[in-house]
Amino acid sequence: MYVYTEIINEVVRSIASLLSLPREDVEKLVTDPPSHVPYDLSFPVMRFKLSESAFQELVRELRMNELISDVSIERGYLNIRFSRDKLAARVLQQIIIQKERYGSWPTRDEVIVVEHTSANPVHPLHIGHGRNMAIGDSLVRILANYGYKVQSRFYINDLGRQVAVLGLGVSCLGEKAFLDKNMKSDHWFGLIYALTNQLLELKRLKGEREKSVNDTERYIELTSQIDEVVANIARLSEKSPELFEALSDCIMNMDNPESAVQLIMSKYERGDARYKELMRRMITEVLSGFKETMSKLRVNIDYWDYESELVWSGEVDEIIHNIRKSPLYTLYKGAEALSVDKIAIDPEIRRKLRIPEGLEIPPLVIRRSDGTTLYVTRDIAYTIRKFRESNAKKVINVVAKEQLLPQAQLRLALYSLGYTQYAENLIHYVYEMVILPGTKMSGRAGIYVSLDDILKELAALSKAELYRRYGQQLSKEEIESYSQKIAVAALRYSLVNVEPDKQLVFKEEDVLNFERNSAPYLLYSYARAYNVLKKIREEELPREQANYAKLVEDEIRYRLVKLLAKYPLVTKKAAEELRIEYLTSYLWRVSQEFNQWYDRDPILKETDKELFKAKIELLIAFTYVMKNALQLLGIEPLERL
RNA sequence: GGGCCCGUAGCCCAGCCAGGAUAGGGCACCGGCCUUCUAAGCCGGGGGUCCGGGGUUCAAAUCCCCGCGGGCCCGCCA
C-alpha cells in the first residue's frame, strides 16, 4: 500500500462516516490547498452544516492518525497537515526498496486492447499519425502499469480505395516498383501513391472539363483545379523524374483508369491470387517502413491485423448475414444498410453507448452496389475479433475526432446485432487533428511532414547542441545516440502534452524549444540528479541512519518528498481516466521542484552525515520516480545530457 | 442548415467532469545569479473583460440558456 493512498483513504473514511456521505463523493472533494495555505490536504466543509461537536469529533479522529500532525478549520475548509518526517521516512524507504516497481499497481486478470496508429499503408507516417501513436503507446504503457494485460494492435486498412490506387501505380511500374527504390520504402511507395493519385485526378478533371466547354464558369473552375494538380505533380516529379515518366505514360494512356482501380479493389477483396501477391508484397514494403519509424519512437505493436483477412476468413460475411436477418436491415438510397438510426432514438441506449446527445445518426450502409464491403462493416467484424480473441474487458480505439460518427455507428451496429457488451465496452478515444500552420496536409496530394523528417531535424538540432556543450567529453557515437534519443523524447512529449480535445498546432520551433516545459528539461533534470549520484560511491555513504526530520525542515525538500509520495496516485488517475497529461504535468512539476532544490541546497557538500544520508535517499528516490514516469510516456531517461 | 469539440496574459497551455481560499505555468519581454554537485538551470519583474450577454447559487473560469469566433463531421471514402 502506498503511503499517500493510505492517508487519503483514512481521511476520506473519517469524513465520509461522519458526514454519512458515499466515500467516492468525499474523495472527489479532497484537494491540495493553494500554495499560500500551509497545509497538505484540504476538504471544503462549508457546504455541510456541521455541529461544533461533530467538528471536534472529526478533528480528534483525524489527529489520531500517526501520519497526520495537525488539523484545523479555516475559512470553510478542513485543513490537514502531515507528519512530515514520518511521511518522508515511509516514502523514501518504499521507493528505494521498490525501485522500478514504485508507482505500479498489482496485476489484474483483465485484458484491455488498444488499437492505435492504423495508418493506411500508402505513404509514410506523418505528424498526424504521430499524435495517434504517441497517445496510443502511452495509454498502453499507463494501463499496463496499472496492472492490466494490454494488447496493442495495428489495423492495416488494405481494402480501401487508397491501397487500390497505390496498387494501380505499382502494377503500371511492374518490377521497377520494387527494384528502383532509392529511398526508405514507405517514402518510395508514398511517392508512387501520390503521383498515381494526382494523375488520376488530372485525368478525371480533364475529362470533366471537356464536357464543360459550354459552361464558362465551370470551365474556369476546373481549369484552376487542374493547374493546382499539375503544380503538385511537378513538385512530386522532382523527387524522381523517371518514376513520373513511367506512371504518366501508363495512366494517361489508359481508357478508364478509374475502373482499373475498381477492378483491383474487388479482385483483391475476393482474394484473387495474382492481385493478392502484388498487393501484399507492396503493403509489406510500406509496413516495414512504418515499423522502422515506430521502433525509433519506441512504439510497440503486438498484433498487425490485415483487414482483408476478415473478409477472406468469412468473418465479414457472417456479419452481413446477421445484418440481413436483423429487423433493422433495410435499403438506403438503393444500398444494403442497417438502420442504426432507429435504435439511436432510445436515450437509454445512447447513454450506455456514450453517443453524443444531439448527434444525428444516419443508417449505416454496409455494402457497395458492386458487392464490395465498406470500412465500417469490416470494422464490426474486427471489433468482435478484438474482443473475442483475448476475452478483452475493454477495447480502446485511438481514432481522430473526424471519425466520431462512424465510431458511434459502429457501437450502435454492434448493439443492434446483439453484441451489447462489446458495444458498451468499446471506447472511442478521441483526439483532435494536428494542424501545420500555413499548409493543408493531404496524403493524397503527397503534402505532409513525415515523422522521419521531423525526427531527423530534431536529432540534427540536438546534435549541434551536444557538440557545442560536450564536444570534448563525449564520443561521436555517444552524441549520435543521445541526439536521437533527445529527438524522440522531445517529439513524443510535445505530442501528448496537450489535452487530446484540443487541436494541436505543430510548430517545429516549439518542439525544438529545449527549455523549461519540454522533454529536454525533464531529461536534463534527471541527468543532473544522476550525475550527483555517480559521484558518490557505496563506501562513501555514511552508516548513520538518515535523519528525515532534518530533511523535511526545508520547505523545498519537503515539497519534493510530498510530490514523490503522490506519484502512485498520478499513475492510478491517469489509468482510470485515460489522461496522459496527468503524467506530463506531474513530470514537469517534479522536475521543477528538483531543480529548485538542486540550485539552492548542495547535496555533496552536506556535512551533517544523517542529513547527507537523507538527501541522498531523496535524490535516489527522485531518479526512480523520474525514470518510471518517463517510461510511461515511452521516453528513455538519459544518464548524461 | 444540423451536430461535436475548442475559446483562460502578445503567443502556447493547466484548472472546468465532481462550483469554494489571492486563476496557475511555459514561450516571448525586462533585470539578477556560474572560483561551489551539469546555467538545456535558478531567482525576481511587468503583463488577465477567464470570448460576450443573461440565469442558477451564500459563492461561477467551472453548472444552465442565448449569442460570437475557429476547427471538424453530416459519402455506396477511410
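No hydrogens, no waters, no symmetry mates; every other heavy atom, side chains included, goes into these values. In what follows, chains are A, B, ... by sequence order, proteins preceding strands, each numbered from 1.
- Considering only the side chain of P602(A), C37(B) comes nearest among C37(B), U22(B), C73(B).
- Where P34(A) and G358(A) each meet RNA chain B at their nearest nucleotide, the meeting point lying more 5' is that of G358(A).
- Between C42(B) and Y521(A), a contact under 4.0 Å exists linking OP1 or OP2 to a side-chain N or O.
- L19(A) and F43(A) make their closest contact through CD1-CE2, 4.0 Å (heavy atoms, listed as atom of the first residue, atom of the second, distance).
- Side chain of Y470(A), nearest nucleotide from C37(B), A40(B), G41(B): A40(B).
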Between the protein and nucleotides 76-78 of chain B, list the N/O to N/O atom pairs that are separated by less than 3.5 angstrom.
| unit_1 | atom_1 | unit_2 | atom_2 | d |
| --- | --- | --- | --- | --- |
| C76(B) | O2 | S369(A) | N | 2.5 |
| C76(B) | O2 | S369(A) | OG | 2.9 |
| C76(B) | N3 | S369(A) | OG | 2.1 |
| C76(B) | N4 | K333(A) | O | 3.4 |
| C76(B) | N4 | S369(A) | OG | 3.2 |
| C77(B) | OP2 | R368(A) | NE | 2.4 |
| C77(B) | OP2 | R368(A) | NH2 | 3.0 |
| C77(B) | O2 | R444(A) | NH2 | 3.3 |
| A78(B) | OP1 | R368(A) | NH2 | 3.0 |
| A78(B) | OP1 | R378(A) | NH2 | 3.3 |
| A78(B) | OP2 | Y375(A) | N | 3.1 |

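- Heavy atoms of M46(A) sit under 4.0 angstrom from at least one base atom.
- Backbone-only contact: K535(A) has heavy atoms under 4.0 Å from sugar-phosphate atoms and none from a base.
- Going from atom CG of D501(A) over to atom C1' of C73(B) covers 15 Å, rounded to whole Å.
- Nucleotide U57(B) forms a pair with no other nucleotide shown, judged by Watson-Crick or G-U wobble geometry with both contacts under 3.5 Å.
- Put simply, R600(A) has a side-chain N or O that comes within less than 4.0 Å of OP1 or OP2 on C43(B).
- The side chain of R350(A) contributes no N or O atom lying less than 4.0 Å from OP1 or OP2 of G3(B).
- Checked against the 6.0 Å centroid threshold, H123(A) and Y448(A) count as a close aromatic pair.
- For the pair V532(A) and L466(A), nearest-nucleotide mapping onto RNA chain B gives the more 5' position to V532(A).
- In this structure, C34(B) is classed as syn because its glycosidic torsion stays within 90° of zero.
- Base contact: D601(A) has a heavy atom under 4.0 Å from a base atom.
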Intermediate values then yes/no, salt bridge (Lys or Arg N to Asp or Glu O under 4.0 Å), R559(A) and E555(A): CA-CA 6 Å; R559(A) 281 210 304 270; E555(A) 241 4 87; 5.2 Å; no

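- Contacts of I603(A) with the nucleic acid, taken as non-hydrogen atoms under 4.0 Å apart, include base atoms.
- Residue S42(A) places a side-chain atom within donor-acceptor reach of the base of A21(B), judged by atom type and a 3.5 Å distance cut-off alone.
- Distance from the side chain of K28(A) is smallest for A18(B) among the nucleotides C11(B), G41(B), A18(B).
- Aromatic pair Y521(A)/W588(A): ring centres closer than 6.0 Å.
- Considering only side-chain N and O atoms, Q503(A) lies nowhere under 4.0 angstrom from the phosphate OP1 or OP2 of C72(B).
- Between E27(A) and R23(A) there is no salt bridge, since no side-chain N of the basic residue sits under 4.0 Å from a carboxylate O of the acidic one.
- Computed from coordinates, the Y582(A) OH to C17(B) P distance equals 11 Å when rounded to whole Å.
- The pair D32(A)-K566(A) meets the salt-bridge criterion, since a charged nitrogen lies less than 4.0 angstrom from a carboxylate oxygen.
- Ion pairing of E269(A) with R368(A) is absent here, as no side-chain N (NZ or NE/NH1/NH2) approaches a carboxylate O to less than 4.0 Å.
- The nearest whole Å value for the distance from the CG atom in L522(A) to the P atom in G41(B) is 11 Å.
- Residue contacts shown for S35(A) are absent, as no nucleic acid heavy atom lies under 4.0 Å away.
- Side-chain to base pairing of K401(A) with C4(B): one donor and one acceptor N or O lie within less than 3.5 Å of each other.
- Residue contacts shown for L641(A) include a base, since a base heavy atom lies under 4.0 Å away.
- The interatomic distance linking N497(A) (CG) with C27(B) (P) rounds to 13 Å, in whole Å.
- Using a cut-off of 4.0 Å between Lys/Arg side-chain N and Asp/Glu carboxylate O, E480(A) and K463(A) are scored as salt-bridged.
- As judged by a 4.0 angstrom heavy-atom cut-off over every strand, E639(A) is placed among the base-contacting residues.
- Using the Watson-Crick or G-U wobble rule with both distances under 3.5 Å, G69(B) pairs with C6(B).
- When the P atom of C4(B) is taken as reference, atom CD of E499(A) falls 18 Å away, rounded to whole Å.
- Donor-acceptor pairing under 3.5 Å is lacking for the side chains of N595(A) and Y524(A).
- Pairing for C29(B) is with G45(B), a Watson-Crick or G-U wobble pair whose two hydrogen-bonding atom distances lie under 3.5 Å.
- Judged as a side-chain hydrogen bond (donor to acceptor under 3.5 Å, both in side chains), and not counting sequence neighbours, E357(A) has no contacts.
- Looking at N79(A), its side chain comes within 3.5 Å of the base of A21(B) through a donor and an acceptor atom.
- Between the P atom of C5(B) and the CD1 atom of I435(A) lies a distance of 17 Å, rounded to the nearest Å.
- Between G7(B) and K502(A), a contact under 4.0 Å exists linking OP1 or OP2 to a side-chain N or O.
- Across all strands shown, L461(A) has no heavy atoms under 4.0 Å from either base or sugar-phosphate atoms.
- Nearest to the side-chain atoms of L604(A) among the listed nucleotides C37(B), G26(B), C42(B) stands C37(B).
- Here C34(B) sits opposite no nucleotide as a Watson-Crick or G-U wobble pair (both hydrogen-bonding atom distances under 3.5 Å).
- Heavy atoms of P362(A) sit nowhere under 4.0 angstrom from any nucleic acid atom.
- Rounded to an integer number of Å, the gap from CD of E576(A) to C1' of A18(B) is 15 Å.
- Rounded to whole Å, atom C1' of G26(B) lies 16 Å from atom CD of E581(A).
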